[in-house]
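Data first, discussion second: the structure below is written as structure tokens.
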Amino acid sequence: MNLPPFPPEYRASGLLLHVTSLPSPYGIGDVGPAAVAWVDRLHDAGQSWWQVLPLGPTGVGDSPYQPLSSFACNPLLISPDWLIEDGLLRASDCAGCSFSATTVDFDAVKRFKHDLFETAWRNFSTGARPDLRLAFEHFGREEAQWLDDYALFRALSAQFGGACHLLWPEDLVRRTPDALDRARRDLASRVEKVRFAQFLLFRQGARLKAHARAQGVRLIGDLPFFVSPDSSDVWADPELFLLDAQRRPRVVAGVPPDYFSSRGQLWGNPVYDWDALRARGYRWCIDRLRGLLAQVDAIRLDHFRGFAAAWHIPVGAAADSGRWVSGPGAGFFSAAQSALGALPFLAEDLGIITPDVGAIRDAFHLPGTRVLQFAFDGHPDNPYLPHNYVPNTVVYTGTHDNPTTRGWYEDLPDAERRNLWRSVKHAGGTSADAASALLHLAWSSTAALAIAPLQDVLNLGRDARMNRPGSAEGNWRWRCTEDMLSASAFESLRDLTHASARSAPLIFLSREATP
């Protein structure tokens with residue numbers, strides 16, 4: 001049986017902040033100096049964990065939960081500062097850029113970063129840093145299982161103006177060997193550039209992870225349950241998904257009406273063919289986990305309930321027209337445990353949770369998720385109330401899908417406001433006090449791990465929200481500035497962490513832990 005991720009009496013805390021939200025002069029956060037400085041802030045504030053959102057390359061809508069690959073990283077996260085340090089760029093190459101400090105303009109950032117990368121690639125191709133050539137070639141061999149298909153996919157996508165892969169010539173959609181060989185020859189330079197971008201990202205990411213480890217901070221990654229319909233995953237392995245004869249989804253993913261949306265959500269992702277995956281020993285799924293664990297120390301399993309059953313929606317129908325269809329269940333986690341050893345996973349068990357979901361979670365000792373913003377409906381058995389937690393739990397004030405706690409409180413009914421203040425034994429407060437109240441509740445709870453979005457630590461309002469589920473526009477753009485990261489906010493967090501006994505010696509959730 002797998003060891004529990006959090007030993008008895010373990011208590012720690014951390015913050016949720018996506019890499020793109022970090023301060024940077026380049027329009028978007030990256031894995032370079034700003035990320036290093038952020039890790040140092042976490043260390044100084046007594047925090048043991050940094051949780052990020054998915055790191056994959058994004059497509060339409062710029063959502064990290066619709067990545068173009070389950071294995072690749074987002075090239076927008078490459079640090080120009082570290083490319084300058086590596087001699088692949090000059091400081092003058094980055095001069096004159098001007099971006100908003102508080103929001104990400106994805107279109108402008110993409111143009112800017114594309115031009116920078118073209119310069120770095122040209123410099124590398126013409127002899128800059130020849131000592132990196134062997135490392136680049138080694139990376140290509142080590143990651144060939146996913147990198148070859150991904151690089152060709154992105155090169156073809158550029159060749160066809162970004163059109164969905166289903167609109168490419170039929171022989172490329174069908175991946176006939178002759179067509180693939182011809183494309184690799186014709187697009188060899190583009191393919192190499194894609195591979196080089198991933199090499200730089202993985203190299204920079206490893207440097208950041210090493211710094212975090214030296215500072216006693218561990219990284220929590222996020223693995224989307226589904227993949228994008230227009231992704232290298234679907235193009236390269238269509239037999240793993242429920243597709244029709246034209247390789248279009250037979251059904252798509254979503255969720256029925258719930259807390260986040262009264263109409264349900266239509267995500268549009270293709271749904272897995274679990275029979276096909278099971279026949280292969282879940283190898284593709286396990287490779288996804290192994291690949292992300294090379295970059296982070298633990299993984300939040302998004303939409304955990306999908307392992308028990310997922311909501312299948314007929315193509316063209318509304319979200320509430322779907323039905324629950326069984327997932328792989330415990331068999332998947334048994335296979336993953338055999339392949340990986342320990343299971344350093346956090347289960348995002350939110351939404352409509354049935355007993356079979358909890359049974360899978362508990363059978364493998366995976367910590368479940370509790371969100372305090374869901375706790376104050378007045379029912380004493382509400383699972384999100386701290387007195388109902390078991391220790392093997394991760395408690396959040398809110399998540400990337402929630403409003404900031406200050407914004408949440410402003411829309412909270414009076415009865416739930418009273419329940420909140422009763423829970424913290426406070427006569428009453430205002431929206432300015434709500435984030436502090438939830439932070440104290442989370443940090444003082446029995447949950448092994450307490451996490452808050454940075455927005456709640458900074459007591460920011462609704463304009464700092466990261467995502468509005470069910471809304472396709474205006475998400476994922478929020479950024480913090482250096483001015484926001486005042487010493488006083490982190491001093492208060494450090495004091496709360498110490499007072500709550502969440503400064504326990506760090507554990508490392510290792511894949512090599514004894515099962």
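Quick note: residue numbers are just sequence positions, from 1.
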Expected list for residues 150-159: side-chain donor-acceptor pairs under 3.5 angstrom, two or more places apart:
unit_1 : atom_1 : unit_2 : atom_2 : d
Y150   : OH     : R154   : NH1    : 2.7
Q159   : OE1    : R190   : NH1    : 2.9

So L15 and W38, side-chain contact (heavy atoms from CB on, under 4.5 Å) or not? Walk me through it. CA-CA 10 Å; L15 296 187; W38 170 249; 3.7 Å; yes

Looking at side-chain heavy atoms only, is the closest gap between [X] and [Y] below 4.5 Å?
X	Y	answer
D40	V217	no
L147	F71	no
F332	C285	yes
W82	R203	no
I220	L346	yes
W267	H303	yes
L266	I313	yes
P169	F160	yes

Quick check against the 3.5 Å criterion: does [X] have a side-chain atom that pairs as donor or acceptor with the backbone of [Y]?
X	Y	result
R370	P383	yes
T404	L460	yes
Q198	C73	yes
Q455	P403	no
K113	I78	yes
N123	L88	yes
S231	S228	yes
K209	V296	yes
R305	I352	yes
S431	Y409	no

Does one side chain, of [X] or [Y], offer a donor that lies under 3.5 Å from an acceptor on the other?
X	Y	result
E410	W408	no
D377	Y384	no
D456	T397	yes
D93	T119	no
H400	D222	no
D30	Q204	no
T354	D356	yes
R479	T102	no
E348	T369	no
E143	W146	yes

Nearest-0.5 Å distance, [atom1] of residue [X] to [atom2] of residue [Y]:
X	Y	atom1	atom2	result
L201	L208	CG	CG	11.5 Å
S48	D297	OG	CG	11.5 Å
S13	L493	OG	CG	6.0 Å
S63	N467	OG	CG	6.5 Å
L438	L372	CG	CG	5.5 Å
L412	T405	CG	OG1	10.5 Å

[Y] ring center within less than 6.0 Å of [X] ring center:
X	Y	value
F307	F304	yes
F99	F112	yes
W49	Y396	no
F364	F345	no
F226	Y65	no

Note: [X]-[Y] ion pair, threshold 4.0 Å (strictly below):
X	Y	result
R250	D244	no
R477	D62	no
R174	E170	yes
D171	R182	yes
R184	E192	no
D463	R465	no
R462	D411	yes

Would D148 and R195 satisfy salt bridge (charged side-chain N to carboxylate O under 4.0 Å, His left out), going step by step from the backbone distance to the final call? CA-CA 8 Å; D148 290 352; R195 291 158 60 90; 2.8 Å; yes

Stepwise salt bridge (charged side-chain N to carboxylate O under 4.0 Å, His left out) test for E118 and K193: CA-CA 8 Å; E118 288 289 324; K193 279 193 288 188; 3.0 Å; yes

Pi-cation contact, W235 with R175 (under 6.0 Å, within 45°):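 Yes - R175 lies over the ring of W235, closer than 6.0 Å to its centre and within 45° of its axis.
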
Please say whether the positively charged group of R41, taken as NZ for Lys or CZ for Arg, lies over the ring of W50, i.e. under 6.0 angstrom from the six-membered ring centre and within 45 degrees of the axis.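 Here R41 fails the 6.0 Å and 45° test against W50.
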
Tell me the closest heavy-atom pair linking [X] and [Y], and the distance in Å.
X	Y	result
L68	D230	CD2-O, 3.4 Å
H18	M466	CB-CE, 4.0 Å
P23	T481	CG-C, 4.0 Å

Neighbour count above 12 (heavy atom, 6.0 Å) for R278 CZ: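 Yes, because the 6.0 Å sphere around CZ of R278 holds more than 12 heavy atoms from other groups.
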
Is the number of heavy atoms from other residues, nucleotides or ligands under 6.0 Å of E85 CD greater than 12?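 Yes - once you tally the heavy atoms of other residues, nucleotides and ligands closer than 6.0 Å, there are more than 12.
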
Using salt bridge (charged side-chain N to carboxylate O under 4.0 Å, His left out) as the criterion, list what pairs up with D320, not counting sequence neighbours.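 For D320, no residue satisfies salt bridge (charged side-chain N to carboxylate O under 4.0 Å, His left out) once neighbours in sequence are set aside.
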
